[in-house]
> 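A single structure is presented below for examination.
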2 protein chains.
Amino acid sequence: MRKNKRDELVQQAMETFYRNGFHATGMDMLVAESGISKTSMYKHFKSKDELILAALKLREEQFHNWSAQRVAELASEPRDQLLALFDVLDEWFKEDTFKSCMFIKASSEYPEPDHPIHQQTVEQRNAMYEGVLTLVEAAALKNPEALARQLLMLQEGAIITAHFGNSKDPAGEAKQAAKALIDAAS
Amino acid sequence: MRKNKRDELVQQAMETFYRNGFHATGMDMLVAESGISKTSMYKHFKSKDELILAALKLREEQFHNWSAQRVAELASEPRDQLLALFDVLDEWFKEDTFKSCMFIKASSEYPEPDHPIHQQTVEQRNAMYEGVLTLVEAAALKNPEALARQLLMLQEGAIITAHFGNSKDPAGEAKQAAKALIDAAS
DNA sequence: GCTAAGGTGTACCGATCTGTTCATTTGGTC
DNA sequence: GACCAAATGAACAGATCGGTACACCTTAGC
């Protein structure tokens with residue numbers, strides 16, 4: 001049972017879940033795509049839910065790493081980095097694999113608040129908020145908690161807008177709105 | 001085949017889909033909740049997808065009617081009505097049946113762009129945008145299209161934030177941000 | 001009271017769901 | 001090459017999925 005084999009399985013499952021949905025993706029489909037047998041799959045993961053949790057965790061890691069790196073490349077000052085978050089969103093939206101936010105989708109498909117998958121999405125969303133809050137505080141802006149939540153709202157609204165596809169530049173418009181909020185809090 | 005019986009079925013199905021998700025809700029569950037037999041259910045609706053489409057349409061009607069009425073009760077001037085949209089959101093969030101936005105959830109569960117259910121959510125979302133745009137234009141604000149989209153982003157961001165539950169007053173914070181954007185466009 | 005028509009419920013269909021059983025194959029060790 | 005444990009794959013459970021066949025029952029018109 002190689003460790004990297006498990007990682008491959010999670011990566012593959014993550015992409016399929018993201019593209020196809022959670023309930024709509026059966027273990028048979030994942031097994032067929034990965035090439036291994038169902039028995040081996042269940043040797044690596046006790047249940048489908050455990051695989052979903054692993055996929056969400058991987059998604060969070062990859063997205064966080066990529067996002068943090070891109071932001072650091074695009075800007076150095078906290079205030080500019082806050083705005084760069086929206087440029088990173090724009091890059092994401094332009095990927096042809098973009099299909100909304102995996103955590104929003106997961107929390108929709110598992111709406112019961114005590115379900116482990118739902119809880120994990122809530123925790124990841126909190127981590128997202130903490131990240132923005134850290135930047136807002138570093139930029140020494142007023143009402144940091146409220147502003148961080150407002151900026152997060154703009155990001156999520158941009159994601160939904162990009163997903164529905166009725167705007168040509170959701171990230172740019174969200175960035176413009178974010179700039180207005182940040183200027184007002186300077 | 002009474003017409004209002006069909007309406008009852010759609011209403012019941014709509015609530016169950018909203019609470020429980022689409023894929024996670026089987027026709028057997030809906031049949032059990034409605035009390036009628038499966039045969040009768042399929043006399044009213046050719047397929048599950050048709051029932052979902054009817055449920056989404058009902059949801060849009062009811063939400064639009066309720067929202068428009070509440071906004072009209074809360075404010076008379078277009079600018080104030082734009083802000084009142086967020087007070088209406090707040091009322092919605094405080095209902096104990098609140099479970100995010102049904103259309104966001106539907107478009108997540110049916111991600112294929114040409115799927116009828118996905119298309120219907122896109123159309124509904126466009127109607128939402130047109131409604132906000134009308135108010136923005138009536139308020140004679142600058143860059144009406146972009147501003148309308150930004151305000152819609154704030155609304156959707158507030159919905160996601162309310163759904164994840166890590167803010168005490170998502171609607172209020174979104175309203176405050178909206179006010180800043182509207183003031184800047186006056 | 002009879003009959004025709006249509007709504008209704010039961011029982012079922014094949015497909016698919018998550019998860020398991022078990023015989024076989026594989027690979028490492030002596 | 002012999003041995004053994006681990007990994008594998010096909011086949012299968014039991015449940016549930018969306019959807020249907022068909023017998024039954026109610027009801028309206030005569």
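All chains are named by letter (A, B, ...) in the order of the sequence lines, taking the proteins before the strands, and each is independently numbered beginning at 1.
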> Tell me the interatomic distance from B/M29, atom CE, to D/dC17, atom P, rounded to whole angstroms.
7 Å
> Does A/S37 make a side-chain N or O approach to OP1 or OP2 of D/dG9 shorter than 4.0 Å?
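Yes.
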> So is B/K105 actually on top of B/F22's ring, under 6.0 Å and inside 45° of the axis?
no
> Around atom CG of B/N143, are there more than 12 heavy atoms from other residues, nucleotides or ligands closer than 6.0 Å?
no
> Please check the phosphate of C/dT18 (OP1 and OP2 only) for any side-chain N or O of A/K48 closer than 4.0 Å.
yes
> Please determine whether any donor N or O and acceptor N or O are separated by less than 3.5 Å between the side chain of A/K38 and the base of D/dG9.
no
> Output the rounded distance in Å from CD1 (B/I36) to P (C/dG9).
7 Å
> Between D/dT20 atom C1' and B/M27 atom CE, what is the distance in whole Å?
12 Å
> Which sits closer to the 5' end of DNA chain D, B/K46 or A/T39, going by the nucleotide each is nearest to?
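Here A/T39 is the residue nearer the 5' end.
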> Figure out the CG/C1' separation between A/D49 and C/dG19, and round it to whole Å.
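Nearest whole value for this atom pair: 12 Å.
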> Testing the basics here: between A/S167 and A/E173, what is the closest heavy-atom pair and its distance to 0.1 Å?
OG-OE1, 3.3 Å
> Just the rounded figure in Å: distance from C1' of C/dA11 to OH of B/Y42.
16 Å
> Whole angstrom is fine here: how far is it from CZ in B/F22 over to C1' in D/dC17?
17 Å
> Over how many whole Å does the gap from B/D28 atom CG to D/dG14 atom P extend?
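One finds 20 Å between P of D/dG14 and CG of B/D28, rounded.
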> Do B/F164 and B/P170 have side-chain heavy atoms sitting under 4.5 Å apart?
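When only atoms from C-beta onward are counted, B/P170 and B/F164 do not touch, as no gap falls below 4.5 Å.
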> Tell me: CE of B/M41 to C1' of C/dT10, nearest whole Å?
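Distance, rounded to whole Å: 16 Å.
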